Amino acid sequence: MTSGPKLLFADPKGRVMEHPYLIATLRSGEELVPPQDRPIPLPSAGRLVHLPGRLPVGLHPETGELELVREMKVGGKTFVPNAVGALLPPGYTRTFLPGEVKGDGPILPQWAYTAAAWGKEGPVAWAIHTDTRSHWDPEKYSTPEMRSLVDSHMARFPGNRVLKQLKTCALLYRCFTSQNTFYVRDEAAIPASVMCNARCVGCISDQPEDGPPASHERMDDGPSGEEMGVIGLYHLERAPGRTMVSFGQGCEGEPLTRYKAIAEAIRYMRERTDKGSININTNGSLTHGLVALFDAGLDAIRVSLNSAVKDLYEAYYKPVKYTWEDVEASISLARDRGAYLALNLLLFPGVTDREGEVEALERLVSKYQVDQVQTRSLCIDPLQYLDVAREKGAGGEPVGIRTLLKRLKAARPGLIIGNFARGLDERENAAGSV
């Protein structure tokens, strides 16, 4: 007999139900596996979602065999079920993907689908609470006064193209970093670029016609250095306690393609205040542009990557006129300049935790004494990413996401594992929960 939480499925209207006897399965890369690595109760800000066109796969409790669920009958109606996953709030990192196979359906929208099931006390998900700091609590966002705060800030800086973009991000996409700009607290977004020199398969702001719908509309009018500078200065001078401004957001292209305007914005801020931290979220492609930003006063950087292995990195990012070697050169530069150095690691269970991939990441965080690894569950159709990663990168059996994170911390004593950005002033005080 096999035991474990029950398989979930959804009807064509998206209503989620518990299977009468099948046990949930999990996906790790190409493999479907039985329940393992004890799940957590689904966080209150998390939610269950159906995966259209994906068939759920369960485990028979008596035989232990995998069973593909092609048809269900509920309330006298027979239908083809959809698989179910969970979406997690900020601060959590998934450890497994939903157990499903492709049926007759499109590429899934760009979300970080997480394995979920029905436990004794309710819904559960396979995840780790990797950042317990409370300042990104969803209850603190999208509050009733959000719209009036947006209107007030836009009246304060009429015609500012930064705020024009952030208004959409804050009210339509409910982007927390964008909303922070209007709340005047914590890390504030300063979008800068309309262009990108990568063609990421999972890009959330630009997709080809045959791809999934982009979840964000890209910025279409790049602001001047002064426009960015005045918004950043206002935030740094007035936000209480820990404060930071960040160039490079999901609604834009690669900020380093506008490094001259960003350098102007940084100089504008630093000529008027020494408060807070100035960060850039980047693919690290243009090392010479990064030099100009450090010269202007940049003190924190977060470099995004899905792998520290050249062929898998380039298969996903599809870089234009740059290579993995340029990314590593930028990481090296950031360490030489004494910046707070974070990696935005796009995690995918069963690929990122392959033995060879883990070893490459261990070498990277150790060699450059990385301050933080921000775990970011990759928002992409799982089967789409597996098509990218198949026969790419370093091989070996998956060791598990928990083991991956523990090994990174062992490789670089003092490394912080978390989900939220930190600045130079937090290097000595930050603590992770993994």
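In this text, all values refer to a predicted model and were calculated from it rather than measured experimentally.
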Colleague: For V101, give me all partners under side chain to side chain contact (heavy atoms under 4.5 Å, CB included), at least two apart in sequence or on another chain.
Modeller: R27, L32, L55, V57, L68
Colleague: Can you list every pair that meets salt bridge (charged side-chain N to carboxylate O under 4.0 Å, His left out) and has a residue in residues 93-102, with sequence neighbours left out?
Modeller: R54-E100
Colleague: Can you check side chain to side chain contact (heavy atoms under 4.5 Å, CB included) on E187 and T177, steps first, answer last?
Modeller: CA-CA 6 Å; E187 179 189 4; T177 319; 4.0 Å; yes
Colleague: Closest heavy-atom contact between I301 and A339?
Modeller: CG2-CB, 4.4 Å
Colleague: Please, which pairs that meet salt bridge (charged side-chain N to carboxylate O under 4.0 Å, His left out) have at least one residue in residues 306-323, sequence neighbours excluded?
Modeller: K310-E314, K310-E325
Colleague: Would you call the rings of Y234 and F157 parallel, tilted or perpendicular, where under 30° means parallel and over 60° means perpendicular?
Modeller: perpendicular
Colleague: Under a 4.0 Å N-O cut-off, is there an ion pair linking D371 with R302?
Modeller: no
Colleague: Surrounding CD of E145 (heavy atoms of other residues, nucleotides or ligands, distance under 6.0 Å), is the total greater than 12?
Modeller: yes
Colleague: Is the side chain of Q165 donor-acceptor paired with the backbone N or O of V162 at a distance under 3.5 Å, no angle test?
Modeller: no
Colleague: Where does the angle between the aromatic ring planes of W136 and Y141 fall among parallel (under 30°), tilted (30 to 60°) and perpendicular (over 60°)?
Modeller: parallel
Colleague: When you look at CD of E30, are more than 12 heavy atoms from neighbouring residues, nucleotides or ligands closer to it than 6.0 Å?
Modeller: yes
Colleague: Evaluate the criterion side chain to side chain contact (heavy atoms under 4.5 Å, CB included) for residue pair F182 and L166; output intermediate values, then yes/no.
Modeller: CA-CA 9 Å; F182 299 107; L166 293 182; 3.8 Å; yes
Colleague: Which pairs with one or both residues in residues 346-358 pass salt bridge (charged side-chain N to carboxylate O under 4.0 Å, His left out), sequence neighbours excluded?
Modeller: E355-R407
Colleague: Write out all pairs satisfying salt bridge (charged side-chain N to carboxylate O under 4.0 Å, His left out) with one or both partners inside residues 171-180, taking only residues at least two apart or from two chains.
Modeller: none
Colleague: Assess whether a salt bridge exists between D131 and R133, defined as any Lys/Arg side-chain N lying under 4.0 Å from an Asp/Glu carboxylate O.
Modeller: yes
Colleague: So, R270 and D299, do they make that salt bridge, N to O below 4.0 Å?
Modeller: yes
Colleague: Not counting sequence neighbours, list each pair that qualifies as a side-chain hydrogen bond (donor to acceptor under 3.5 Å, both in side chains) and has a residue in residues 39-53.
Modeller: none
Colleague: Of S377, C379, P382, which is the lone residue that meets side chain to side chain contact (heavy atoms under 4.5 Å, CB included) with Y113?
Modeller: P382
